[in-house]
Amino acid sequence: MNNADIGKIMLEIGELLEIKGDMIFKIRAYLKAAEILSTYPEDLVKLYKETGIKGLTQIPGIGEGLAKKLEELFNTGKIKYFEDLKKELPEGLLELLSVQGVGPKKAKIFFEELGIKDLKGLEKAVKSGKLKGLKGMGEKTEENILKGIEYRKKGNERMRLGDALPIAEGLIKELKAAGAKEAVFAGSLRRGKETAGDIDILVTAKEHGKAIEAFTSFERVSRVLAKGGTKASILTKDGIQADLRVLAPDEFGAALNYFTGSKDHNVLLRELAIKKGLKLSEYGVFKGEKRFASKTEEEVYRALGLPYIEPELREGRGEIEAALNGKLPRLVELGDIRGDLHMHTAASDGTGSIRELVSAAKKKGYEYIGITDHSASLKVARGLSSELLLKRIKEIETLNKNLKGLRVLCGSEVDIKPDGTLDYNDGLLSRLDYAIGSVHTSFRMKKDDMTKRVIRAFKSGRMKIFGHPTGRLLNEREPYEIDMGEVISAAAGEGVALELSASPYRLDLTDINCRAAKEKGALVSINTDSHAIGELDNMKYGVTTARRGWLEKNNVINCLSLKALLRFLAK
DNA sequence: GCCGTTTTCGGCCCGACTGTTTTCAGTCG
């Protein structure tokens with residue numbers, strides 16, 4: 001049972017309690033716990049085994065009551081309270097909550113009045129007109145629920161950051177061209193989250209109507225969902241929803257803060273405001289009726305006695321406490337990156353040549369790059385034979401002699417075989433500048449075995465970077481089972497850097513694991529894993545994710561000078 | 001159910017919109 005599973009159980013308990021109509025604050029405690037537990041950096045089962053119930057109550061948001069339920073779950077695999085709830089209310093009701101416009105109250109009415117137990121039942125009931133006559137439900141409600149069910153069926157998954165960001169930037173550009181004074185995106189996109197559910201855009205404009213008109217008639221619009229005096233929603237041709245809000249300049253900062261979120265961050269800010277006898281809303285910070293901060297985000301934070309908090313940190317994961325104590329990290333920036341240590345050429349499964357990569361890296365102002373084609377056994381990616389790799393070492397040696405301002409390192413992305421050995425022999429590995437060890441085969445190993453496999457490779461002393469550590473592909477493939485807590489500790493101990501793959505398909509390490517790495521003293525290497533020249537530009541996504549993981553320059557090996565990096569690799 | 005420069009009780013974020021109402025509940029972000 002991993003943390004995500006545990007969080008899901010807490011979520012389901014909370015939602016069932018909502019439907020049941022239990023105390024709102026009890027419900028909130030469960031929902032909050034769900035959020036905290038599912039993103040908790042340590043393996044919770046392990047934490048319990050090592051520290052007992054005390055360790056669990058150390059987690060903010062987990063008190064004695066929840067800790068006991070967790071204990072029961074870990075020991076028996078079940079929570080009686082949850083099982084009883086499920087007897088009372090069918091589990092299928094939870095599906096209903098994912099339909100836009102259906103919340104706990106409606107779900108309860110559907111169950112009690114019509115015996116609806118799941119989504120299918122709801123659809124049938126709507127279509128046969130059974131909702132009419134229920135309290136508070138008319139034609140419009142029926143229509144909306146049907147639309148909601150259709151939308152949900154389409155499998156509207158969240159869009160990857162790398163797909164959503166260019167669309168948002170495109171919309172911003174068009175809005176500015178259409179006369180918007182300021183135009184920015186907010187929401188999870190601004191916080192740099194790995195996926196976005198929609199695109200929130202805020203603008204200030206002289207004429208509100210004009211901005212709305214422009215927004216709803218862009219080329220990329222496929223459908224206008226709503227259009228009013230100050231806001232509008234569209235569906236783009238890429239199938240993502242974009243919401244526009246037009247604001248007065250003097251409320252821009254407060255609105256930007258509010259619409260950037262996260263919800264948890266906002267709630268905590270508001271609680272802080274209350275403690276100070278103030279009120280915070282999307283219109284500003286108020287003392288009584290009087291508004292005294294709203295123009296810029298800096299102003300809003302200052303009014304609450306806080307320094308500016310970077311959007312990537314606004315997840316309600318301790319950033320406000322850190323801000324209060326003057327302990328906010330100085331987050332790594334794209335400009336701090338001095339090189340890219342993971343890229344492929346046409347020799348294996350890439351498309352470019354070393355020379356092309358060198359020239360592109362020079363344009364970025366990099367001091368070094370590492371060429372890391374695949375190793376021999378990875379036949380699907382045309383991994384290099386030992387002979388070819390030896391040739392490659394010589395080739396790069398020669399290249400470096402005539403190269404100014406950039407050093408090319410000769411590395412390899414070496415497969416970690418199922419038994420934990422590396423795919424080239426020791427002698428050959430020792431001649432490389434470094435090796436990235438990666439898992440490309442036998443993804444379905446048991447958690448324990450996978451963890452041992454990787455740690456054994458760490459202990460070889462021949463790999464300096466652990467490539468895309470969890471193997472996930474966003475929206476496509478779940479991570480393989482591995483105990484990241486243990487892996488991160490081992491990485492810190494063995495001097496292996498954990499890769500943060502900047503590929504928008506991976507972003508692996510996750511933000512949460514980055515933070516755990518920082519706390520345990522493991523270093524991170526932010527690499528693009530480029531297979532084509534243009535992919536070198538993906539570095540920004542990696543840096544964003546690193547920032548979400550609270551990483552600073554000194555946590556990242558490719559922020560080191562060449563000299564310091566070589567020292568790290570030689571260790 | 002959690003939590004404490006409001007500390008073991010009594011708090012727990014704020015506002016808009018929608019659809020159904022005739023003053024508001026439910027849902028959403």
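Since we're looking at a predicted model, the values are computed, not measured. Each chain gets a letter, A, B and so on, in the order its sequence line appears, and its residues count up from 1.
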E15(A) CD - dG26(B) C1' separation (whole Å): 16 Å
Nearest-Å distance for atom pair CG/P, residues D264(A) and dG29(B): 15 Å
Touch class at under 4.0 angstrom, heavy-atom based, for I27(A) against every strand present: nothing
5' priority, DNA chain B, between R245(A) and G63(A) [closest heavy atom]: G63(A)
Less than 3.5 Å apart, which donor and acceptor atoms pair up between the side chains of residues 63-73 of chain A and the rest of the protein, not counting sequence neighbours?
residue : atom : partner : partner atom : Å
E71(A)  : OE2  : Y48(A)  : OH           : 2.7
E72(A)  : OE2  : K80(A)  : N            : 2.7

Interatomic distance where CD belongs to Q58(A) and C1' belongs to dC2(B) [whole Å]: 14 Å
Nucleotide dG4(B), atom P - distance to CG of L324(A) in whole Å: 14 Å
Touch class at under 4.0 angstrom, heavy-atom based, for K106(A) against every strand present: sugar-phosphate
Protein-nucleotide distance (L70(A), atom CG; dG1(B), atom P), rounded to Å: 12 Å
Partner nucleotide, any strand, of dT8(B) [Watson-Crick/G-U, under 3.5 Å]: none
Integer angstrom distance from the P of dC12(B) to that of dG19(B): 31 Å
Separation of dA25(B) P from E18(A) CD (nearest whole Å): 17 Å
Separation between the P atoms of dC17(B) and dC13(B), rounded to whole Å: 22 Å
Verdict with reasoning, Y81(A) to L17(A), per side chain to side chain contact (heavy atoms under 4.5 Å, CB included): CA-CA 11 Å; Y81(A) 184 60; L17(A) 289 174; 3.3 Å; yes
Same-atom distance (P) from dG15(B) to dT20(B), integer angstrom: 26 Å
Interatomic distance where CD1 belongs to I145(A) and P belongs to dC28(B) [whole Å]: 10 Å
Protein proximity profile, nucleotides 10-23 of chain B - base contact B, sugar-phosphate-only contact S, no contact -, cut-off 4.0 Å on heavy atoms: --BBBSSS-SS---
Electrostatic pair E486(A)-K46(A), nearest N-O below 4.0 angstrom: yes
Rounded distance in Å between the P positions of dT22(B) and dT8(B): 46 Å
T510(A) backbone acceptor or donor facing D508(A) side chain under 3.5 Å: no
Salt-bridge criterion met for E35(A) and R317(A) (N-O under 4.0 Å): no
Euclidean distance for C1', dG26(B) against dT21(B) (whole angstrom): 12 Å
Which residues share a side chain to side chain contact (heavy atoms under 4.5 Å, CB included) with E481(A), sequence neighbours left out: N2(A), K447(A)
R190(A): which of E310(A), E297(A), E312(A) passes salt bridge (Lys or Arg N to Asp or Glu O under 4.0 Å): E297(A)
Atom-pair distance (CG on L31(A); C1' on dT27(B)), nearest Å: 14 Å
